[in-house]
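Working notes, beginning with the structure itself.
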Amino acid sequence: MALRLFNTLSAKVEEFRPLVGNEVRMYACGPTVYDYGHIGNFRTFIAVDILRRYLQLGGYKVKHVMNITDVDDKIIRNAAAAGLTVQQYTAKYQKAFFEDAGALRIEQPQIVRATENIARMAEFIAKLVEMGYAYKTDDGSYYFRIAKFPAYGKLSKKDFAGMEDGARVDVDEYEKDNARDFALWKAPKPGEASWDSVIGPGRPGWHIECSVMSMQELGESFDLHAGGEDLIFPHHENEIAQSESLTGKPFAHFWFHARFLLVEGEKMSKSAGNFFTLRDLVLKGYKPSTIRYLLTSVPYRNQLNFTFDGLQQAAASVDRLRNFRQRLAGKFADGSSLTMTTLGQQTSKRLRDALDDDLNTAQGQAAIFDMIRAVNTAMDAGNVKSGDVAALLAPLEQFDRIFSVLQDDDVAQMQRIYEWAKAEGREKDISAELEEILRSSALTDAQIDAKVEQMVAARKARDFATSDKIRAELVAQGILIEQTKEGVLWRRK
RNA sequence: GGCGCGGUACCCAAGUGGUAAGGGAGAGGUCUGCAAAACCUUUAUGCGUCGGUUCGAUUCCGACCCGCGCCUCCA
């Protein structure tokens, strides 16, 4: 495996190699659980998931850690407004996040939570104070002194040299030495959630969380740190400053950032009316697999324009993939052909080459679709033999270990979100499209198989009226019927 | 203002110093009792605009236009 990845730190595409042996230690910034996850969040998490899956496919053992930010200003404010504790407030959104990530087939990383590591954060800050990298202000808050860390700006390529002396910074209204200094620890305000610690009462700043938890789980230097592009500055820059100041060692070696997406050509925002959570889309009748496919169809460093038209197209693409796999599971004449085996091998190689190239998912998809067209043509001509199936299935399964859209558990996931919507009093958001898809789960596989058999029998007897009637019933139940050379196939809408 | 990314067919979107992947949609056709699926053909002398370098540029350089991101915790 020769994966080449863009490293934000070097601003170049570099060959990725773990620091030690065959294990990749990676840390990803996770969600702040104050609301349901939106598709922008999930673009980033899916990009990281693709990376993780590809590393695993390449034979690496991946230790993938992700934090849950379960305390921050917004959470404290919202919880207080709702009359709940911080933990009560965040529990609901944490649960929702894991469900949604699961629906999108994101492999779950090892989870660490801010609120479970507060003592360690306080100790970390105490050490920074001892070393002169941090200082306490009169109100009991702590700040990092960026003037002590000359490399500050190396990730985001910002030049703070002129600010080191603080000459042009108005510091009068702050207690900070320099306006750029960032909070490590915030002193409690009256009525706010607060934790006692070796450095006094308060709560951790956002940046310190990730430094402490990543190094706790992965060591002082580890392989890769990921997040959305907005985190480059200040979050990741600050993590580097804190961590490298404390240890004197390089922190993460690779920095992986996913580009933001646009929705219908605009920045996603609540005010623009183009803000969608995963659940919003499912209620409109879009399948999780469709959403995942769309989010993987543009390489992670390119801006992705998320549109409803794009969702329709993605759905068609996923259907094509699933139809193909289903067709490959059919019966073929004995024998095998060099052409098909070679095609399978070439496709695997194209797939690997595409993903090796900074995870070019679009090219990977093109490789698999090229194969699908060629194999469909061969099947139509009767040129695919039973001995070819394994060789053709191999690249398809390799593809799916990365993209993960073939296995159809969409209806179960949608059913769960449907129940949730009813429980939350959001019946009015449940679309007719969603209800139609859910109807397709009313019949069991055995019941459908039986109906299909009746239909085939009627057709053999040239009783087309009966055959069409059965087919119409199945279609009304959301079951799609296909006649192929290899027999009658069905699938749920 | 500073730093950075991008503008490719009807839509989404790869890509390359040597003549434009893939998916979707549309049109025509094959197969089929009819559907559906699948397959075939077809849709950019053209890759934001204008210059430049080059035997040759969509690909490199420059200017301009447009979109987007970051520059006080938004993935």
Side-chain angles (χ1 to χ4, degrees), chain A residues 8 11 28-32 37-48 69 72-74 153 156-160 174 179-183 186 205-207 209 226-235 237-238 257-262 265-270 275 293-294 297-299 301-321 323-324 326-327 350 354 357 360-370 372-381 459 462-465 467-468 471-472 475 480-486 488-491:
Chain A
T8 308
C29 289
T32 301
H38 57 71
I39 50 173
N41 297 116
F42 287 114
R43 184 198 194 188
T44 298
F45 297 130
I46 285 177
V48 175
T69 297
D72 83 330
D73 291 353
K74 198 176 293 186
S156 54
K157 318 299 176 216
K158 292 179 192 303
D159 183 5
F160 294 101
Y174 300 96
R180 290 277 174 186
D181 287 354
F182 56 88
K186 298 184 181 187
W206 178 39
H207 315 301
E209 247 187 67
E229 63 168 332
D230 58 317
L231 300 185
I232 295 171
F233 190 89
H235 184 52
E237 195 71 71
N238 292 350
H257 292 104
R259 190 91 198 261
F260 267 22
L261 53 68
L262 260 40
E266 305 276 335
K267 182 175 179 172
M268 182 168 70
S269 70
K270 285 182 177 166
F275 182 95
Y293 186 88
L294 178 57
S297 64
V298 177
R301 281 206 298 137
N302 291 1
Q303 199 165 57
L304 180 157
N305 187 13
F306 189 97
T307 65
F308 285 97
D309 192 40
L311 278 169
Q312 303 285 13
Q313 298 178 7
S317 298
V318 173
D319 280 347
R320 187 165 161 85
L321 287 161
N323 285 341
F324 176 74
Q326 193 176 27
R327 203 176 167 192
R350 277 184 66 190
D357 183 14
N360 192 331
T361 45
Q363 292 241 300
Q365 291 173 351
I368 211 74
F369 279 109
D370 277 338
I372 288 175
R373 187 166 14 75
V375 174
N376 273 327
T377 302
M379 284 194 285
D380 283 353
R459 183 154 51 206
R462 303 198 65 80
D463 178 2
F464 295 122
S467 161
D468 287 353
R471 186 171 64 196
V475 168
L480 305 177
I481 307 295
E482 286 164 33
Q483 176 71 50
T484 72
K485 269 179 96 82
E486 293 81 37
V488 175
L489 302 177
W490 63 264
R491 61 194 167 84

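Each chain gets a letter, A, B and so on, in the order its sequence line appears, and its residues count up from 1.
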Find out whether [X] and [Y] are in side-chain contact, i.e. whether some heavy atom of one side chain is under 4.5 Å from a heavy atom of the other.
X       : Y       : answer
S317(A) : Y293(A) : yes
M268(A) : I39(A)  : yes
L304(A) : R43(A)  : yes
Q313(A) : T307(A) : no

Which whole number of Å gives the distance between the [atom1] atom of [N] and that of [M]?
N       : M       : atom1 : result
rC40(B) : rA21(B) : P     : 15 Å
rC47(B) : rA38(B) : P     : 33 Å
rA36(B) : rG29(B) : P     : 14 Å
rG6(B)  : rU19(B) : C1'   : 24 Å
rU42(B) : rC50(B) : C1'   : 34 Å
rA13(B) : rC68(B) : P     : 15 Å
rG7(B)  : rG48(B) : P     : 7 Å
rC11(B) : rU43(B) : C1'   : 13 Å

As a test of reading the structure: which of [options] is closest to the side chain of [X], going by heavy atoms?
X       : options                   : value
S317(A) : rA21(B), rG24(B), rC40(B) : rG24(B)
A362(A) : rA13(B), rG33(B), rA75(B) : rA13(B)
Q313(A) : rG24(B), rA37(B), rA14(B) : rG24(B)
K267(A) : rC74(B), rG23(B), rA75(B) : rC74(B)
R350(A) : rA21(B), rC70(B), rA36(B) : rA21(B)
W206(A) : rA75(B), rC73(B), rG23(B) : rC73(B)
D370(A) : rA21(B), rA75(B), rC73(B) : rA21(B)
R320(A) : rG33(B), rG23(B), rG69(B) : rG23(B)
R180(A) : rU72(B), rA21(B), rA37(B) : rU72(B)
P234(A) : rC71(B), rC39(B), rC68(B) : rC71(B)

Inset, instruction - Would you give the length of the straight line joining atom CZ of F260(A) to atom NZ of K267(A), rounded to the nearest 0.5 angstrom? - result: 6.0 Å

Using whole Å, report how far [atom1] of [X] lies from [atom2] of [N].
X       : N       : atom1 : atom2 : value
D380(A) : rA37(B) : CG    : P     : 14 Å
Y293(A) : rG22(B) : OH    : P     : 13 Å
F369(A) : rA14(B) : CZ    : C1'   : 14 Å
D357(A) : rA14(B) : CG    : P     : 12 Å
Q363(A) : rA14(B) : CD    : P     : 9 Å
L262(A) : rC68(B) : CG    : C1'   : 6 Å
D309(A) : rC12(B) : CG    : P     : 8 Å
E237(A) : rU72(B) : CD    : P     : 12 Å

For [X], all residues meeting side-chain hydrogen bond (donor to acceptor under 3.5 Å, both in side chains), sequence neighbours excluded:
X       : value
H38(A)  : N41(A)
Q483(A) : R459(A)
E209(A) : N67(A), T69(A)
E266(A) : none

Inset, instruction - Flag as yes if F464(A) stacks onto the base of rG33(B) (centroids under 5.5 Å, planes under 30°), otherwise no. - result: yes

Legend entry - F45(A)-rA75(B) aromatic stacking (under 5.5 Å, under 30°): no

If only side-chain N and O atoms of [X] are considered, is one of them under 4.0 Å from the OP1 or OP2 phosphate oxygen of [N]?
X       : N       : answer
R327(A) : rA38(B) : no
N360(A) : rG15(B) : yes
N41(A)  : rA75(B) : yes
S467(A) : rC34(B) : no

Inset, instruction - Kindly say whether, by distance alone, the side chain of R471(A) makes a donor-acceptor pair under 3.5 Å with the base of rA36(B)? - result: no

Inset, instruction - Applying side chain to side chain contact (heavy atoms under 4.5 Å, CB included) between I372(A) and each of N323(A), T377(A), L321(A), report the one that passes. - result: L321(A)

Legend entry - Nearest-nucleotide comparison on RNA chain B, the residue closer to the 5′ end among I481(A) and A314(A): A314(A)

Inset, instruction - Hey, which sits more toward the 5' end of RNA chain B by its nearest nucleotide, R459(A) or L231(A)? - result: R459(A)

Legend entry - Lys/Arg N to Asp/Glu carboxylate O, R327(A) vs E482(A), below 4.0 Å: no

Legend entry - Closest non-hydrogen atom pair between S297(A) and A362(A), with its separation: O-CB, 3.6 Å

Inset, instruction - Would you classify K270(A) as touching base, sugar-phosphate or nothing, given that sugar-phosphate means primed atoms plus P, OP1 and OP2, and contacts are heavy atoms under 4.0 Å? - result: nothing

Tabulate atom names and distances for all N/O pairs under 3.5 angstrom spanning the protein and nucleotides 3-6 of chain B.
from: rC5(B); atom 1: O2'; to: R259(A); atom 2: NH1; distance (Å): 3.0

Inset, instruction - Taking Watson-Crick and G-U wobble pairs with both distances under 3.5 Å, convert RNA chain B into its dot-bracket string, 5' to 3', dots for unpaired and | for cross-strand pairs. - result: (((((((..(((.....[...)))((((((.......))))))....(((((..]....))))))))))))....

